[in-house]
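One structure is given below, encoded as structure tokens.
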4 protein chains.
Amino acid sequence: MSNRLEPTSRNYDEKLQGILKISAKIFAEKGFHRTSVRDISRATKMSLAGLYYYFTTKEELLYLIQERCFVTLLQRWERAATPVMDVRTRIRVFAENHLSFFCHNMHEMKVMAHEDESLTEEFQVKILVLKRRYVRVIMDLIRELQDQEGGKKVDLRVATFTLFGMMNWIYTWYQPKRDLPLPQLMEQMLRIYFFGVLHGGAVEASWFNSTSGASSKETFSLWHNNQ
Amino acid sequence: MSNRLEPTSRNYDEKLQGILKISAKIFAEKGFHRTSVRDISRATKMSLAGLYYYFTTKEELLYLIQERCFVTLLQRWERAATPVMDVRTRIRVFAENHLSFFCHNMHEMKVMAHEDESLTEEFQVKILVLKRRYVRVIMDLIRELQDQEGGKKVDLRVATFTLFGMMNWIYTWYQPKRDLPLPQLMEQMLRIYFFGVLHGGAVEASWFNSTSGASSKETFSLWHNNQ
Amino acid sequence: MSNRLEPTSRNYDEKLQGILKISAKIFAEKGFHRTSVRDISRATKMSLAGLYYYFTTKEELLYLIQERCFVTLLQRWERAATPVMDVRTRIRVFAENHLSFFCHNMHEMKVMAHEDESLTEEFQVKILVLKRRYVRVIMDLIRELQDQEGGKKVDLRVATFTLFGMMNWIYTWYQPKRDLPLPQLMEQMLRIYFFGVLHGGAVEASWFNSTSGASSKETFSLWHNNQ
Amino acid sequence: MSNRLEPTSRNYDEKLQGILKISAKIFAEKGFHRTSVRDISRATKMSLAGLYYYFTTKEELLYLIQERCFVTLLQRWERAATPVMDVRTRIRVFAENHLSFFCHNMHEMKVMAHEDESLTEEFQVKILVLKRRYVRVIMDLIRELQDQEGGKKVDLRVATFTLFGMMNWIYTWYQPKRDLPLPQLMEQMLRIYFFGVLHGGAVEASWFNSTSGASSKETFSLWHNNQ
DNA sequence: TATGAATGAGAATTCATTCAT
DNA sequence: CATGAATGAATTCTCATTCAT
């Protein structure tokens, strides 16, 4: 079926990464379906046919972008989380991980959030596996948190997807020039998530900064995905 | 745009509503760009050319769906909110309004949330006006709430769009058969929003039910948009 | 799957027949795969997209041509053959039928003989059913003949496909201006088939002409398929 | 056409033959136009660019296959025929030659029979020369036969191409597992050709076997073209 | 000899839209 | 109001071929 061999030279990989980066940008701006491979050809300054050396289908291109996002997200999470941390901290690290990646790779994340269903079966299934693994991480953490806290609990799925909703919605409104800088955005979002809008403002800032092993600044500096 | 007179016969209106409803469903399922006017022709059992009596452009069709959503949302809000209510209640009513409409018109809302940017300039501008008006409502309420509460405050835009993110993300994960029924979903979401996951579960249920002027049940029964 | 309705107006049918005729000609001249739908668009003076109103796939176009050939061939045979005739005559009538159609619809028949395997599964299966029915007719006749004659027999499949080979190969060499006129071509071919090159020439011509119910001339005048 | 020197190393020749063999197989299976050079690259396990060392054009590849067929066919004929033989025997030897080669190199022969017109002008002309030479051989024999026999004669072209039709059509129906083994197929075909279906079965077998200088077995053992 | 990477030309097909009726 | 028939423009993808190495 697939006409291309599997090349793995350094050169090939670098070029592919470049194509993914640029494509993600265009997909984010125009939407996957509105984007023609010609647009990508134009933006990458490669010939139309030349692009097809790097992927077999426009859909595979979308898949490659999404797959890479999830894989990176999971890798970074595994690297960042230590079993020593308490649950709350781990949740916060998870969210920081997510948000930092999000904000530093806004295009890719918008594509992930928005073009979810643009994949065809085959690819959608593969992505679903990754996504499930990713969602399970935070779900397990929230369950652990709830077990610890006791009392009347919020439904687990609601608790989970509420968090994702808050975070993933960002691409629809966040304007770097107008809105809070990333670290503060993250902090405030977590405040709302943990303590609610009503009390979130009141919680001492220390709670947010002192418990995390890696300071936000450190986390941030590592983020760019494209090299 | 439209050269023809605006027909207003009862028949015409009914038919148009039917087309909008069916189109929204297909747009929600396949995405706006993947949906061809032929798909709509098939689903409505009208001829391709026949459809064009009811709209001039596929994009106008999308616009009509979105416009109708915002208009209804705003109307319902104005009908539901009373100046007597206190801020918290008004916020809750707003959210209930939004969520109820959302869940009862999932297709339309998914289209609204998802196909936001699929509109062309011209139409996008018109929708933006409505959307801004709608957003301002809740933004003003949140500001009022924060003024009342005093203390350190969360950024207004963050507070606003966090709420929308939580709510609008629903279309990506909510499965009626698997998840909580709508009223409870609403309640839990508001708990998280107001009090946070940590304490949200503990707040007495009474808080949620007794203060609202209109009971959820009443609210719900009004919701279906399609007749 | 199929986007088009099934129109059956007189006009539609006539137009489709015209397209089939012209396409058959081009397929015969350039081969199916070398022919682009653009070529057909040019030859029919219809727009590229306009053609697709009449078929869904270039392959379906080929199918329609082939199907029509077999159906006509079978119809004509059923009309021409009478149970009264003796076996030899029936065989001759079958061959006359085949050859007359062949020579009067050379393009279509070349396409049938040559582009056999250019059809995709789905269509190939449908054609196979017709072809089998057609082949069985002559096979049964040959078997009957052999039963009657007694003596050492030639293998049935060899006897059958040898006849088809002789006849269908015509498209590769026959030039109307250079070669015998059709009725004589037919006669000579049948002589060879029945009596061999060695003795075929010697058999009295009467054998060929007096036994057939319909004279060749009559048969020929009916042949054009395209109206 | 070709700018490069003609390499003649043993290695080169062997490799080219391998490529021709494999290509013939694919051409036979998928048809010339449907076959991409990539298909050949895959099947030969050579790189796309590497193949072009052995031919300059996909069409040249087809040409090489066909040319080699005709050349071999002519060589074998010249080796097999002796002026001593009587005409009938010579015709039989010609047919045996053709059929044996055909059946032992089905792929190549199908390509020859089927992809006749797929060549471009230039190449087609070259092949035509060979083909004419080949056809003339049998045509001359048949003329000689007819002169000898006297009586009313069958048209020469009809007599010639009827024979080719019978033989070349084989690729469309012959299934080794289902049909007669090759020597019998040959015998029966020749019976039909010489004596007709009606009497062909009755002719004594001896006629076929005793007069031929080379027994079929011998003929067959020489046939494989690919080394 | 051999190949990885690249490309121009062209292929089939789809789509939103129109227009005469 | 409604529709059958038609179309221009675009889209994804494939292909034979090349060229630097």
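Letters go in sequence order (proteins before strands), and every chain restarts at 1. What you see is a predicted model, and the numbers here were worked out from it, not measured in a lab.
- Remark: B:R34 engages A:E59 in a salt bridge, criterion side-chain N to carboxylate O under 4.0 Å.
- Scored by the side chain to side chain donor-acceptor pair (under 3.5 Å) test, B:E115 finds B:S118 as partners (sequence neighbours excluded).
- DNA chain E forms stems at E:2-21 with F:2-21, each a run of 3 or more consecutive Watson-Crick or G-U wobble pairs whose two key distances fall under 3.5 Å.
- For the C1' atom pair drawn from F:dT21 and E:dT1, the interatomic distance equals 12 Å after rounding to whole Å.
- From B:R42, atom CZ reaches atom CD1 of B:I40 across 10.5 Å, with rounding to the nearest 0.5 Å.
- Remark: B:L48 engages B:V37, B:R38, B:S41 in a side-chain contact (heavy atoms from CB on, under 4.5 Å) (not counting sequence neighbours).
- Both A:L51 and C:F32 lie close to DNA chain E; mapped to their nearest nucleotides by heavy-atom distance, the more 5′-ward contact belongs to A:L51.
- Look at B:K15 and you'll find a side-chain N or O under 4.0 angstrom from OP1 or OP2 of F:dA2.
- Contact check, C:Y54 against F:dA5: no side-chain N or O comes under 4.0 Å of OP1 or OP2.
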Is there any protein nitrogen or oxygen under 3.5 Å from a nitrogen or oxygen in nucleotides 17-21 of chain E, and what are the pairs?
residue : atom : partner : partner atom : Å
E:dT17  : OP2  : B:Y52   : OH           : 3.1
E:dT17  : OP2  : B:K58   : N            : 2.8

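- Of all nucleotides listed (F:dT3, E:dA16, E:dT3), F:dT3 comes nearest to the side chain of B:S47.
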Run the side-chain donor-acceptor check on residues 24-31 of chain B: report pairs under 3.5 Å with partners two or more places apart or on a different chain.
residue : atom : partner : partner atom : Å
B:K30   : NZ   : B:D39   : OD2          : 3.1

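- Applying the side chain to side chain donor-acceptor pair (under 3.5 Å) criterion to C:K110, with sequence neighbours excluded, gives D:E117.
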